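Structure first, then comments.
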Amino acid sequence: MLTVFKNNFYTGQKSPLFTTESAKKIREFHLQIYGYKPTPLVSLPLLAEKLGIKSILVKDESHRFGLNAFKVLGGSYALGSLLAEYLKVDIKEIDLQTVSTKLEKPLVFTTATAGNHGTGVAWAAREMGQKAVVYMPKESSLVSAERIRGLGAECIITDINYDDTVRLANKMAEENGWILVQDTAWDGYEKIPTWIAQGYMTMADEAIEQAAAMHEGTPTHVILQAGVGSMAGGVLGYLADKLGADNFETIIVEPSAADCIFRSGTSAQGNIVNITGVLSSIMAGLACGEPNPVTDCSNYFAQVDDNVTAAGMRVLGSPLVNDPQVISGESGAISLGLLYKLCTDTSNRNLREELGLNQDSVVLVFSTEGDTNPGRYRDIVWNGNY
């Protein structure tokens with residue numbers, strides 16, 4: 001099942017927080033990290049033909065710093081900015097290999113995560129010679145926890161949901177003098193979540209640069225997945241400034257079980273709507289109940305059941321002959337899954353026409369993670385679960 005509603009509060013107003021100028025500065029920071037290179041942007045021409053659209057472009061973040069996910073872009077920029085602030089220097093002076101020598105003792109960074117954000121913070125802390133303590137909500141993947149521990153961080157799986165785990169991490173930071181690096185914002189805590197969202201602009205800057213070198217053309221449609229909304233906000237903010245907010249259509253999509261942004265964007269007054277309780281979805285990285293208010297808006301909001309992202313995983317993992325394969329995890333394939341369902345299910349014909357998905361459409365999606373949970377990936381792609 002999928003539901004798509006128009007954003008009745010859309011204004012097209014650009015955000016001064018997310019600009020091409022600031023994206024250039026942030027990408028320069030990422031450029032000096034050892035092992036940095038743009039992740040692939042691949043075209044799926046045969047799938048596009050099958051779906052009746054001009055082009056499908058997929059940004060494959062499974063290649064990011066060997067971490068199988070995009071989140072390190074936000075975590076590393078936030079940690080770099082925090083260290084620059086702590087040392088009272090410009091971020092241009094932060095060298096990951098030597099910054100620890102400028103401190104009497106390592107700083108301790110803490111965060112709550114469903115997996116990939118914590119991995120990014122743990123990796124960035126290790127690369128900068130700092131320490132990390134990561135909290136995960138109940139029923140989190142043990143594979144993800146071990147990956148975080150393998151990066152030298154302490155990792156604790158709690159017995160509470162994601163948003164309560166965020167509150168726990170904040171409490172522990174206050175009690176222990178640690179620095180909270182969270183992508184969820186609230187009153188009085190906006191600066192660090194903004195840095196995290198801005199860090200994701202590197203991914204969008206790469207994608208537009210790569211698309212310009214391809215024959216498919218500039219994207220006419222962008223589909224972005226959201227948990228708290230930091231990635232969607234950062235990428236959408238950049239694209240609005242780079243391409244012009246009214247020059248492309250955007251859909252932000254979430255799991256039905258954790259559709260806080262969908263409910264907020266389609267509420268009567270456009271108020272923020274939080275979701276509490278157990279947020280049960282295979283899309284663990286998107287199972288967040290409280291949206292990030294520093295991020296921007298979209299033309300449309302969508303919520304989908306788990307079988308939609310499962311379909312996206314199978315389509316990307318088993319491509320038509322000569323289309324490239326993309327290994328995309330549960331939280332990575334939701335956007336392609338939504339596009340596939342919109343274009344193949346005849347009941348969505350009117351919605352597809354409203355969205356302007358036709359033979360002239362160039363659709364950009366971000367596969368934000370690879371098979372970060374290999375067992376579940378095989379269950380879905382090999383065994384047909386969901």
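As the structure is a computational prediction, the values presented were derived from the model and not from experiment.
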Problem - Non-hydrogen side-chain atoms of R147 and N116 separated by less than 4.5 Å - result: yes
Completion exercise
On a heavy-atom basis, the closest approach of V121 and G75 is CG2-CA, 4.4 Å
Practice task
Give the minimum heavy-atom separation between I148 and C155, together with the two atoms involved.
Solution key: CG2-CB, 3.9 Å
Fill in the blank from the handout: Residues at least two apart in sequence or cross-chain that pass side chain to side chain contact (heavy atoms under 4.5 Å, CB included) with E146, listed by chain then number, are R149
Problem - Under 3.5 Å donor-acceptor, T309 side chain and E330 backbone - result: yes
Exercise for the section: Check Y77, W195, F70 against Y200 for a ring pair (Phe, Tyr, Trp, His ring centres under 6.0 Å) and give me the one that passes. Expected result: F70
Exercise for the section: Please list, chain by chain and in numerical order, all residues satisfying side chain to side chain contact (heavy atoms under 4.5 Å, CB included) with A226, sequence neighbours excluded. Expected result: A232, I252, E254, I261
Show me, pair by pair, the donor-acceptor contacts under 3.5 angstrom made by side chains of residues 376-386, not counting sequence neighbours?
from, atom 1, to, atom 2, distance (Å)
R376, NH1, I282, O, 3.2
D379, OD1, N383, ND2, 3.1

Handout entry: All ring pair (Phe, Tyr, Trp, His ring centres under 6.0 Å) counterparts of F65, not counting sequence neighbours
Key = W123
Problem - M136 side chain near T113 side chain, heavy-atom distance below 4.5 Å - result: yes
Handout entry: Considering all heavy atoms, the nearest P40-H63 contact
Key = CD-CD2, 3.6 Å
Handout entry: Pairs satisfying salt bridge (Lys or Arg N to Asp or Glu O under 4.0 Å), at least one member in residues 203-222, at least two apart
Key = R27-D205, R27-E209, K59-E206, R64-E206
Practice task
Assess the side chains of T98 and T101: does a donor N or O sit below 3.5 Å from an acceptor N or O?
Solution key: no
Completion exercise
Only residue of D371, T372, T119 satisfying side chain to side chain donor-acceptor pair (under 3.5 Å) with N68 is D371
Problem - Non-neighbouring partners of Y238 that pass ring pair (Phe, Tyr, Trp, His ring centres under 6.0 Å), sequence neighbours left out - result: none
Problem - Closest approach of F18 to T194 (non-hydrogen atoms, all atoms of both residues) - result: CE2-O, 4.5 Å
Handout entry: Considering all heavy atoms, the nearest V134-A153 contact
Key = CG2-CB, 4.3 Å
Practice task
Assess the side chains of E61 and T368: does a donor N or O sit below 3.5 Å from an acceptor N or O?
Solution key: no
Practice task
Please determine, by modelled atom types, if T20 and D241 share a side-chain donor-acceptor pair under 3.5 angstrom.
Solution key: yes
Handout entry: Contacts of R263 that satisfy side chain to side chain contact (heavy atoms under 4.5 Å, CB included) - sequence neighbours left out
Key = D259, V273, I275
Handout entry: Residues that F5 engages under ring pair (Phe, Tyr, Trp, His ring centres under 6.0 Å), provided they are two or more places apart
Key = F262
Problem - Q225-S335 side chain donor-acceptor pair, cut-off 3.5 Å - result: yes
Handout entry: Check ion pair E93-K102 (N to O, under 4.0 angstrom)
Key = no
Completion exercise
Applied to residues 78-120, the ring-ring contact (aromatic ring centres under 6.0 Å, His included) test, sequence neighbours excluded, yields none
Problem - Which residues share a ring pair (Phe, Tyr, Trp, His ring centres under 6.0 Å) with F366, sequence neighbours left out - result: none
Handout entry: Heavy-atom closest contact (L73 atom, M203 atom, distance)
Key = CD1-CB, 3.8 Å
Handout entry: ILVMFWY cluster membership beyond V143 - transitive side-chain contacts under 4.5 angstrom
Key = none
Practice task
Would you mind listing the cluster partners of V108? Hydrophobic ones only (ILVMFWY), side-chain contacts under 4.5 Å, chaining allowed.
Solution key: V133, Y135, I156, I160, L168, M172, W178
